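Treat the numbers as computed from the prediction; the structure is a model and nothing was measured. Every heavy atom of this structure was used, including side-chain atoms; hydrogens, water molecules and symmetry mates were not.
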Amino acid sequence: MKTTFSKEQQYINAQKRVKEIKGFYSHLIVMMFLLPFLVFINLKFTPSYHWFWWALFGNLLGLFFHWLKVLGLESIGFGKAWEQKKIEEYMKKNK
């Protein structure tokens with residue numbers, strides 16, 4: 001019975017992870033179409049002031065934090081495996 005729950009839990013976790021990754025790539029695609037549109041609107045109607053830089057910076061910052069949450073920490077070595085390893089290391093040290 002425990003094996004079935006474990007496999008179901010693994011499936012649910014994998015499904016959640018795929019949804020998070022899909023959300024990141026959706027964010028990236030939307031940004032790739034939105035930002036050029038905003039640049040066009042800015043340069044067409046108010047070419048004297050380039051406000052599109054604020055939108056670009058805000059979107060890139062948001063995308064960076066989204067990447068960091070979904071892919072970043074694991075890709076630079078600070079994912080769940082690292083956390084588990086550190087927990088075990090500190091537990092051994094405190095015995």
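With sequence neighbours excluded, no residue forms a salt bridge (Lys or Arg N to Asp or Glu O under 4.0 Å) with Glu88. Applying the side chain to side chain donor-acceptor pair (under 3.5 Å) rule to His50 yields no partners; only residues at least two apart in sequence or on another chain are considered.
In the hydrophobic clustering (ILVMFWY side chains linked at under 4.5 Å, chained through shared members), Ile87 is joined by Met91. Phe33 shares a hydrophobic cluster with Ile29; the chain of contacts runs through ILVMFWY side chains whose heavy atoms sit under 4.5 Å apart. Through ILVMFWY side-chain contacts below 4.5 Å, Ile12 is grouped with nothing and stands alone.
Side-chain contact check for Leu28 versus Trp67: every heavy-atom pair is 4.5 Å or farther apart.
Hydrophobic clustering of Ile, Leu, Val, Met, Phe, Trp and Tyr side chains at less than 4.5 Å, counting indirect connections, keeps Trp54 apart from Val30. No continuous path of ILVMFWY side-chain contacts below 4.5 Å connects Ile21 to Val18, so the two sit in separate hydrophobic clusters.
Residue Asn59 holds its CG atom at 6.0 Å from CE of Met31, rounded to the nearest 0.5 Å.
Sorted by first and then second residue, the side chain to side chain donor-acceptor pair (under 3.5 Å) pairs with a member in residues 20-40 read His27-His66; sequence neighbours excluded.
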Using residues 35-47 as the side-chain source, report each donor-acceptor pair under 3.5 Å to any protein atom, sequence neighbours left out, with the distance given to one decimal.
residue, atom, partner, partner atom, Å
Asn42, OD1, Trp51, N, 3.2
Asn42, OD1, Phe52, N, 3.3
Asn42, ND2, Thr46, O, 3.1
Asn42, ND2, Thr46, OG1, 2.9
Asn42, ND2, Tyr49, O, 2.8
Thr46, OG1, Asn42, O, 3.3
Thr46, OG1, Trp51, NE1, 3.1

